[in-house]
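Before any comments, here is the structure.
Chain naming here is simple, since letters A, B, ... match the order of the sequence lines and numbering starts at 1 in each.
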Amino acid sequence: EPEVTQTPSHQVTQMGQEVILRCVPISNHLYFYWYRQILGQKVEFLVSFYNNEISEKSEIFDDQFSVERPDGSNFTLKIRSTKLEDSAMYFCASGGSQREFLDTQYFGPGTRLTVL
Amino acid sequence: QQQVKQSPQSLIVQKGGISIINCAYENTAFDYFPWYQQFPGKGPALLIAIRPDVSEKKEGRFTISFNKSAKQFSLHIMDSQPGDSATYFCAGGTGNQFYFGTGTSLTVIP
């Protein structure tokens with residue numbers, strides 16, 4: 001069964017450093033998402049991406065964040081200058097191989113980001 | 001503001017019992033309400049979902065009840081099993097943006 005994959009599983013970085021989190025969505029999906037989950041808290045929407053551009057973004061997704069689909073398979077989240085409060089689990093999700101299935105999102109296993 | 005409110009925060013149920021988790025939403029524009037199951041160290045996995053044009057949806061032991069006028073929906077897990085022990089999140093939104101509830105930690109005691 002196809003699945004969303006994410007690398008690395010755990011990233012440790014120093015405050016102020018740039019990090020890139022990588023995701024390989026399910027191959028025929030058209031919509032891509034990033035969410036984050038601070039330990040023990042709810043899942044929070046960051047951004048959605050369709051047709052090589054951002055569709056929606058939350059207030060969390062400020063100028064420090066950017067997303068890119070550099071090729072036909074990868075989808076990346078970049079945090080330019082990490083802060084302590086960026087420490088969280090970051091989930092990639094994909095969905096929407098056909099219009100009528102737009103809303104079904106499949107989540108990857110997550111990348112745990114620890115900012116020291 | 002919290003777009004989707006979820007309760008209870010934690011739930012303990014005996015094996016074979018019924019687990020009930022409740023959610024309420026604010027935005028009447030929401031048109032899709034999924035429930036996700038999350039095991040420790042894993043990403044959320046879609047369990048079951050409903051659109052507001054139906055009042056109930058059942059898949060195996062899992063049932064969503066939806067009350068559009070009250071802006072509430074709930075997940076019922078029948079014949080709860082120890083393997084159902086996980087965190088459950090409700091969510092609501094439209095095609096591109098979803099808001100998650102705060103999660104319910106379910107423990108099913110053998």
Would you say [Y] ends up clustered with [X] if hydrophobic residues are merged whenever their side chains have heavy atoms under 4.5 Å apart, either directly or through other cluster members?
X: I48(B); Y: F73(B); value: yes
X: I50(B); Y: L75(B); value: yes
X: F45(A); Y: F33(B); value: no
X: I18(B); Y: I21(B); value: no

Specify the closest pair of heavy atoms between [X] and [Y], including all atoms of both residues, with the distance to one decimal.
X: T102(B); Y: K42(A); answer: CA-CB, 3.6 Å
X: Q105(A); Y: Y36(B); answer: O-OH, 3.4 Å
X: G43(B); Y: F91(A); answer: CA-CE2, 3.2 Å

Fill in: Interchain contact, Q6(B) with chain A, by part (heavy-atom threshold 4.5 Å)
neither
Fill in: K71(B), NZ: over 12 other non-hydrogen atoms inside 6.0 angstrom
yes
Fill in: D63(A) atom CG, neighbour heavy-atom count above 12 within 6.0 Å
no
Worksheet item: Considering only heavy atoms, which portion of Y106(A) lies under 4.5 Å from any heavy atom of chain B: side chain, backbone, both, or neither?
Response: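 Neither part, no heavy atoms under 4.5 Å.
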Discussion item. For Y33(A) together with F98(B), are the ring centres under 6.0 Å from each other?
Written reply: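 No: the rings miss the under 6.0 Å criterion.
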Worksheet item: When rounded to the nearest 0.5 angstrom, what distance separates CD in Q37(A) from OG1 in T87(B)?
Response: 8.0 Å
